[in-house]
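Lettering of chains follows the sequences in order, A, B, ..., and the numbering in each one begins at 1. Hydrogens, waters and symmetry mates play no part in the numbers below; they use all other heavy atoms, side chains included. Keep in mind it's a predicted model, so treat the numbers as computed, not measured.
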2 protein chains.
Amino acid sequence: MPGSDVLDPTALLRAAGLKVTRGRVAALVALGEHSHSSAEQLHTHIAAGGVPMTLQAVYLSLQVLTEHGVLRRIEPAGSAARYELRVGDNHHHLVCTGCSRVVDVDCMVGEAPCLLPADAHGFSVQETELTFWGVCPDCAAQAATTREEGAA
Amino acid sequence: MPGSDVLDPTALLRAAGLKVTRGRVAALVALGEHSHSSAEQLHTHIAAGGVPMTLQAVYLSLQVLTEHGVLRRIEPAGSAARYELRVGDNHHHLVCTGCSRVVDVDCMVGEAPCLLPADAHGFSVQETELTFWGVCPDCAAQAATTREEGAA
DNA sequence: GGAATTTCTTGAATCGATCAAGTCTCCACG
DNA sequence: CGTGGAGACTTGATCGATTCAAGAAATTCC
């Protein structure tokens, strides 16, 4: 029964004109289960899933998939690159300054009203990237605990 | 006559409670003349200005100045970190996908109307970062030339 | 099922940035 | 003006993330 999972990795690869290999399928599956993971995290998840694959192969697959538009690569300042399945666009990211966790944030105001520069300095603008920085609940709790201990 | 240049480096350092050293002054002057430069570019500029300083010292100064809020550090995906004097806030950046050149872009819609996430997933949002990606005039011209040559 | 192409493995190398220890500079005090 | 101590700078090594290169294995088309 196809379509049981998020999306059929094989179909995705075929649609992108790419060979269907164990590594790429594993990368897509892992990313479907753990979105916004780094290459190393994916490598770990893939290994845990019982698929033997080197870290370099993960990098290679991610690079190819990104180049073919199957994945999107995000590179928050101060942490390794993270990847996500290119599902519906039009969302942005919220990054934790503590643990670098990334979550999706829907674009509030529908499309791109205020998301074009006033003066583009002659540039032809192709893309707008919106990133929110904050503290995730876990890190906030941890910080509170640390403060209490420090005060005690 | 103070204030002749963009801003007096010495005053900036004193205001931040930092020692006034040759290296820091040189870094500030270089940044004033070449905003959005990387550490290595600044190192080159400083050396060209006749101030002997190692690259590591540049990194160190930039780090300290950033931590003390004198500078802002921006890290566009795919290029080295860049720095700018923290003048009036409320502007964003436009990065060239070809040469990684960075230019300032004023925040159009005044403050932050659409710049808060709809659902923060429990995060306490501290900052919003808006980056535009495009092709600068130079790179566009170069691309056009290359295409012509390819076609000829 | 077999051959050609592409991918994956193994190992090294790169780039940007940081760390560590010793020396020197800046600045306050005498 | 001279000296002492904290902090900054130099030198050299190290690190993390990522990429490159060459040979071995897998995938696809026929």
Side-chain angles (χ1 to χ4, degrees), chain A residues 9-30 36-44 46-47 49-68 70-71 73-83 95 99-100 102, chain B residues 9-30 36-44 46-47 49-68 70-71 73-83 95 99-100 102:
Chain A
T10 303
L12 268 176
L13 288 168
R14 288 248 157 76
L18 293 169
K19 271 195 185 174
V20 178
T21 64
R22 208 171 16 128
R24 291 176 184 170
V25 171
L28 287 175
V29 170
H36 308 119
S37 292
S38 66
E40 280 210 27
Q41 290 171 333
L42 287 173
H43 180 229
T44 303
I46 291 169
V51 179
M53 197 177 180
T54 55
L55 177 58
Q56 281 75 357
V58 175
Y59 272 112
L60 197 55
S61 293
L62 291 173
Q63 186 176 310
V64 171
L65 291 170
T66 303
E67 282 168 1
H68 286 260
V70 181
L71 302 184
R73 173 184 183 146
I74 53 184
E75 301 183 45
S79 82
R82 279 135 199 289
Y83 299 84
V95 186
C99 62
S100 295
V102 177
Chain B
T10 303
L12 269 176
L13 288 169
R14 289 247 157 76
L18 293 169
K19 269 196 187 174
V20 178
T21 65
R22 207 169 18 126
R24 291 174 184 170
V25 171
L28 287 175
V29 170
H36 309 119
S37 293
S38 67
E40 281 209 25
Q41 290 172 333
L42 287 173
H43 179 230
T44 303
I46 291 170
V51 179
M53 195 177 182
T54 53
L55 177 57
Q56 281 76 357
V58 176
Y59 272 113
L60 197 55
S61 294
L62 291 173
Q63 187 177 308
V64 171
L65 290 169
T66 304
E67 281 168 1
H68 287 258
V70 181
L71 302 184
R73 174 184 182 144
I74 52 184
E75 301 183 45
S79 82
R82 278 136 198 290
Y83 299 83
V95 185
C99 62
S100 295
V102 177

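In the set C:dC27, D:dC9, C:dT7, the nucleotide with an atom closest to the side chain of B:L60 is D:dC9.
As rounded to whole Å, 16 Å separates atom P of D:dT19 from atom NE2 of A:H43. Rounded to an integer number of Å, the gap from A:R24 CZ to C:dT9 P is 12 Å. Atoms CG (B:L13) and P (D:dG7) sit 16 Å apart, rounded to a whole Å. A:R14 places its CZ atom 12 Å from the C1' atom of D:dC29, with the value rounded to the nearest Å. Rounded to whole Å, the distance from CE on B:M53 to P on C:dC26 is 12 Å.
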I'd like a table of atom pairs between the protein and nucleotides 14-17 of chain C - only N or O on both sides, under 3.5 Å - with the distance next to each one.
residue : atom : partner : partner atom : Å
C:dA17  : OP1  : B:A81   : N            : 2.8
C:dA17  : OP2  : B:Y59   : OH           : 2.9

Check nucleotides 2-4 of chain D for protein N or O atoms closer than 3.5 Å to its own N or O atoms and list the pairs.
none

Give me, pair by pair, the N or O atoms of the protein and of nucleotides 3-5 of chain C that are less than 3.5 Å apart, along with how far apart they are.
residue : atom : partner : partner atom : Å
C:dT5   : O2   : A:K19   : NZ           : 3.4

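In this structure, the side chain to side chain contact (heavy atoms under 4.5 Å, CB included) partners of A:S79, at least two apart in sequence or on a different chain, are A:P76, A:R82, A:S100. Remark: A:E67 pairs with A:Q63 by the side chain to side chain contact (heavy atoms under 4.5 Å, CB included) rule, at least two apart or across chains. Applying the side chain to side chain contact (heavy atoms under 4.5 Å, CB included) test to A:A80 and every residue at least two apart in sequence or in another chain returns A:S38. Legend: residues meeting ring-ring contact (aromatic ring centres under 6.0 Å, His included) with B:H43, ordered by chain and number and at least two apart, are absent. With sequence neighbours excluded, the residues satisfying salt bridge (Lys or Arg N to Asp or Glu O under 4.0 Å) with B:E75 are B:R73.
Between B:L65 and B:A27, the shortest heavy-atom distance links the atoms CD1-CB, 4.5 Å.
One finds no side-chain N or O of B:S61 lying less than 4.0 angstrom from the OP1 or OP2 phosphate oxygen of D:dA8. At C:dC8, none of the side-chain N or O atoms of A:R22 fall inside 4.0 Å of OP1 or OP2 (strictly under the cut-off). Within the 4.0 Å cut-off from OP1 or OP2 of D:dC9, not a single side-chain nitrogen or oxygen of B:T54 is found.
Taking the nucleotide of DNA chain C with the nearest heavy atom to each of A:L18 and B:L55, the more 5' of the two is matched to A:L18.
Under the 4.5 Å side-chain criterion, counting only non-hydrogen atoms from C-beta, A:I74 is not in contact with A:Y83.
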Mind listing the side-chain donor-acceptor pairs of residues 50-60 of chain B below 3.5 Å, one per line with the distance, residues two or more places apart or on another chain?
residue : atom : partner : partner atom : Å
B:T54   : OG1  : B:A57   : N            : 3.3

Which side-chain N or O atoms in residues 13-26 of chain B pair as donor and acceptor under 3.5 Å with protein atoms at least two apart or in another chain?
residue : atom : partner : partner atom : Å
B:T21   : OG1  : B:R24   : N            : 3.4
B:R24   : NH1  : B:K19   : O            : 3.2

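Between A:S61 atom OG and A:L42 atom CG the span is 10.5 Å, to the nearest 0.5 Å.
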### Query
Between A:T10 and A:L28, does a side chain to side chain contact (heavy atoms under 4.5 Å, CB included) hold up when you go through it step by step?
CA-CA 9 Å; A:T10 303; A:L28 287 175; over 6 Å; no
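One end of the helix from C:dG1-D:dC30 to C:dG30-D:dC1 points its axis 30° away from the other end's axis, with each axis taken from 5 pairs and the angle rounded to 10°.
At a threshold of 4.0 angstrom between heavy atoms, the contacts of A:V20 are confined to the sugar-phosphate backbone, with no base atom among them.
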